[in-house]
> 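Starting off with a structure, shown below.
Any value given below was found using the heavy atoms of this structure, including those in side chains, with hydrogens, waters and symmetry copies removed. Position 1 is the first residue of the sequence; numbering continues from there.
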Amino acid sequence: MLWWVLALGCSSQPVDLLGAEGRIARVGLEEALVERDPKTVAKAARIASKWEGKDPALDRLLGDSLANVLMKPDDGLALLRANPDPADPSWGRAFMSAAMRSGTAENLAEAWAAAGRPAA
């Protein structure tokens, strides 16, 4: 029994904490971010926020939504900072845009470094 528990704990299968409803909300938010209409994004973000903290991809979308569409850069930066994905260009763009909107040089320098870009 102990071996089975250890094998299960060490498996590389990610745990899906969103479920079907959360995945639908994530896709809805992703689609809303294509057009970036504040009303549409606000509605999709409100629905998706139910699963905040359960999926890094969803949290990155929420961070982009908050910082760059709904103009709450500090809230969005917190989510983008907590769920980095330097390999994803959309994360880098969202993080740098949020840092620019925050108005602080420290956030901007952090975003440039996190995105793997040379200092401006």
Side-chain angles (χ1 to χ4, degrees):
M1 178 77 168
L2 181 59
W3 290 107
W4 182 80
V5 172
L6 285 173
L8 184 64
C10 295
S11 70
S12 62
Q13 296 293 331
V15 176
D16 180 13
L17 298 175
L18 291 180
E21 197 176 332
R23 287 190 303 275
I24 291 169
R26 181 178 59 204
V27 169
L29 181 55
E30 194 170 24
E31 290 173 355
L33 281 169
V34 171
E35 295 297 322
R36 301 185 91 75
D37 174 61
K39 287 183 181 180
T40 305
V41 170
K43 181 179 177 184
R46 196 172 14 262
I47 293 167
S49 68
K50 179 178 177 182
W51 293 276
E52 184 180 330
K54 298 193 185 321
D55 179 62
L58 175 71
D59 287 352
R60 286 188 289 273
L61 293 170
L62 285 169
D64 187 15
S65 299
L66 287 167
N68 302 314
V69 179
L70 304 175
M71 300 306 157
K72 297 181 180 191
D74 292 332
D75 296 336
L77 267 173
L79 285 167
L80 292 165
R81 188 179 283 128
N83 297 282
D85 187 0
D88 181 2
S90 63
W91 173 81
R93 282 190 300 273
F95 194 38
M96 287 192 291
S97 295
M100 283 187 261
R101 284 185 171 82
S102 76
T104 68
E106 295 83 16
N107 285 340
L108 193 53
E110 176 191 5
W112 276 94
R117 306 238 172 124

> Considering non-hydrogen atoms only, spot the tightest contact between P89 and A87 and give its length.
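Looking at all heavy atoms of both residues, the shortest contact is CD-O, 3.4 Å.
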> Can you give me the closest heavy-atom contact between A45 and L29, atom names plus distance?
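Scanning both residues completely, I find the closest heavy atoms to be N-CD1, 3.8 Å.
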> Does E52 offer a backbone N or O that forms a donor-acceptor pair with the side chain of D59 under 3.5 Å?
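No, because the side chain of D59 does not come within donor-acceptor range (under 3.5 Å) of the backbone of E52.
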> Between S49 and R46 (side chain of the first, backbone of the second, donor and acceptor by atom type, cut-off under 3.5 Å), is there such a pair?
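Side chain of S49 to backbone of R46, a donor-acceptor pair under 3.5 Å: yes, one is there.
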> Return the minimal non-hydrogen interatomic distance between V41 and A32, and the atom names on each side.
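In this case the closest contact between V41 and A32 is CG2-O, 3.4 Å.
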> Tell me, which pairs form a ring pair (Phe, Tyr, Trp, His ring centres under 6.0 Å) where one or both residues lie in residues 33-55, sequence neighbours left out?
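For residues 33-55: none.
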> Which atom pair, heavy atoms only, marks the closest approach of P73 to S102?
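Heavy atoms only, the tightest pair is CB-N, 3.9 Å.
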> Is there any ring pair (Phe, Tyr, Trp, His ring centres under 6.0 Å) pair reaching into residues 57-99, and which pairs are they, with sequence neighbours excluded?
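Residue pairs passing ring pair (Phe, Tyr, Trp, His ring centres under 6.0 Å), neighbours aside: W91-F95.
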> Nearest 0.5 Å, please: how far is CG in D55 from CG in L18?
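Here the rounded value is 4.0 Å.
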> Show the numbers, then the answer: is there a side chain to side chain contact (heavy atoms under 4.5 Å, CB included) between R101 and L77?
CA-CA 10 Å; R101 284 185 171 82; L77 267 173; over 6 Å; no
> Could you walk me through whether N107 and R81 pass side chain to side chain contact (heavy atoms under 4.5 Å, CB included), step by step?
CA-CA 10 Å; N107 285 340; R81 188 179 283 128; 3.1 Å; yes
> With clusters defined by side-chain heavy atoms of hydrophobic residues (ILVMFWY) lying less than 4.5 Å apart, directly or transitively, does V69 cluster with L61?
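They do share one cluster, since a chain of ILVMFWY contacts under 4.5 Å joins L61 to V69.
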> CG/L33 to CZ/R60 distance, rounded to the nearest 0.5 angstrom?
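Going from CG on L33 over to CZ on R60, the span is 13.0 Å.
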> Verify the distance criterion only: is there a donor paired with an acceptor across the side chains of R93 and N68 at less than 3.5 Å?
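No, because no side-chain N or O of R93 sits under 3.5 Å from a partner of the opposite role on N68.
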> Could you list all the side-chain hydrogen bond (donor to acceptor under 3.5 Å, both in side chains) pairs where at least one residue sits in residues 30-41, not counting sequence neighbours?
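Sorted pair list: R36-D64, D37-T40.
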> Establish whether L80 and M96 are linked, either directly or via other cluster members, by ILVMFWY side-chain heavy-atom contacts under 4.5 Å.
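In one cluster with L80: M96, no.
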> What are the two closest non-hydrogen atoms of A98 and A67, and how far apart are they?
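The answer is CB-CB, 3.4 Å.
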